[in-house]
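Order of the sequence lines fixes the chain letters, A, B, ..., with proteins taken first and strands second; residue numbering starts at 1 for each chain. Hydrogens, waters and symmetry mates play no part in the numbers below; they use all other heavy atoms, side chains included.
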Amino acid sequence: MKDSQSNFFADVYDVVRLIPKGRVTSYGAIANYLGLKRSARMVGWAMNQSHGDDSVPAHRVVNRNGVLSGKHFFSGGEHAMQQLLEAEGIKVIDDQIQDFKDVFWDPMSELEL
DNA sequence: TACGTGACCACGT
DNA sequence: CACGTGGCCACGT
């Protein structure tokens, strides 16, 4: 096990697990919260590896534009991620979250580091 | 070992 | 206001 990257992945997963039901956050917000400000890509990569871990609601993580950029990586079809979000009361149209700012959950603001 | 790619974001032109 | 480039870090070929 690589301690360093495992620690980073663990941190990302921990934050994602803290996302309340019916809310979403962005890769950049998580990266920023962890202090990796410019390394949002790593958060995305972490999500990629988290795929298969039911404890990590990756469907609640989208890009800063509110677009389901990672839907393509979900198993069960292209609309699997959208249906998961809609099941939590989040409206999604054409891979775009409606009222994104309203359902947006910022760890820095909500967790108040 | 080096290059290219990636579930992104911010800035410059 | 749209597009291009840089930056970040890790992984695959």
| A/I90 with A/Y27, same ILVMFWY side-chain cluster at under 4.5 Å | no
| Contact check, side chains of A/V92 and A/M81, non-hydrogen atoms, under 4.5 Å | no
| message | Any base atoms under 4.0 Å from A/N48, or only sugar-phosphate, or nothing? Heavy atoms, all strands. | response | base
| Are A/R60 and A/E88 close enough for a salt bridge, meaning some N to O gap below 4.0 Å? | yes
Write out a two-atom table: protein N or O, nucleotide N or O from nucleotides 3-7 of chain C, distance below 3.5 Å.
residue : atom : partner : partner atom : Å
C/dG7   : O6   : A/R41   : NH1          : 3.0
C/dG7   : O6   : A/R41   : NH2          : 3.2
C/dG7   : N2   : A/R38   : O            : 3.4

| field | Whole-Å gap separating C1' (B/dA7) and NE2 (A/H59) | value | 14 Å
| query | For A/I30 and B/dA7, what is the distance between atoms CD1 and P respectively, to the nearest whole Å? | reply | 16 Å
| Between atom NE2 in A/H72 and atom P in B/dG6, what is the gap in whole Å? | 12 Å
| task | Pick the C1' atom in B/dA7 and in C/dA2, then give their distance to the nearest Å. | result | 24 Å
| What is the minimum heavy-atom distance between A/I19 and A/V61, and which atoms define it? | CD1-CG2, 4.0 Å
| request: Under the side chain to side chain donor-acceptor pair (under 3.5 Å) rule, collect the residues that match up with A/D95, sequence neighbours excluded. | output: A/K71
| remark: In whole angstroms, the gap separating P of C/dA10 from CH2 of A/W45 amounts to 12 Å
| Without hydrogens or angle criteria, can the side chains of A/H59 and A/Q82 be said to hold a donor-acceptor pair below 3.5 Å? | no
| request: Figure out the CE/P separation between A/M108 and B/dC9, and round it to whole Å. | output: 13 Å
| request: Scan A/A58 against the nucleic acid and name what it touches under 4.0 Å (heavy atoms): base, sugar-phosphate only, or nothing. | output: base
| query | Is it true that atom NE2 of A/H79 has more than 12 heavy atoms of other residues, nucleotides or ligands lying nearer than 6.0 Å? | reply | no
| request: State which of C/dC9, B/dA7, B/dC9 makes the closest approach to the side chain of A/M42. | output: C/dC9
| task | Under a 3.5 Å limit for both distances, which nucleotide forms a Watson-Crick or G-U wobble pair with C/dT13, could you say? | result | B/dA2
| message | By the 4.0 Å heavy-atom rule, please label A/Y27 as base, sugar-phosphate, or nothing. | response | base
| request: Could you state the atom-to-atom distance from CG of A/L36 to P of B/dA10 in whole Å? | output: 14 Å
| request: Quickly work out the A/M47 CE to C/dA10 P distance and round it to whole Å. | output: 16 Å
| task | Please state how far atom CZ in A/R60 lies from atom P in B/dA7, giving the value in whole angstrom units. | result | 22 Å
| request: In whole angstrom, give me the gap between the P atoms of C/dC1 and B/dC8. | output: 24 Å
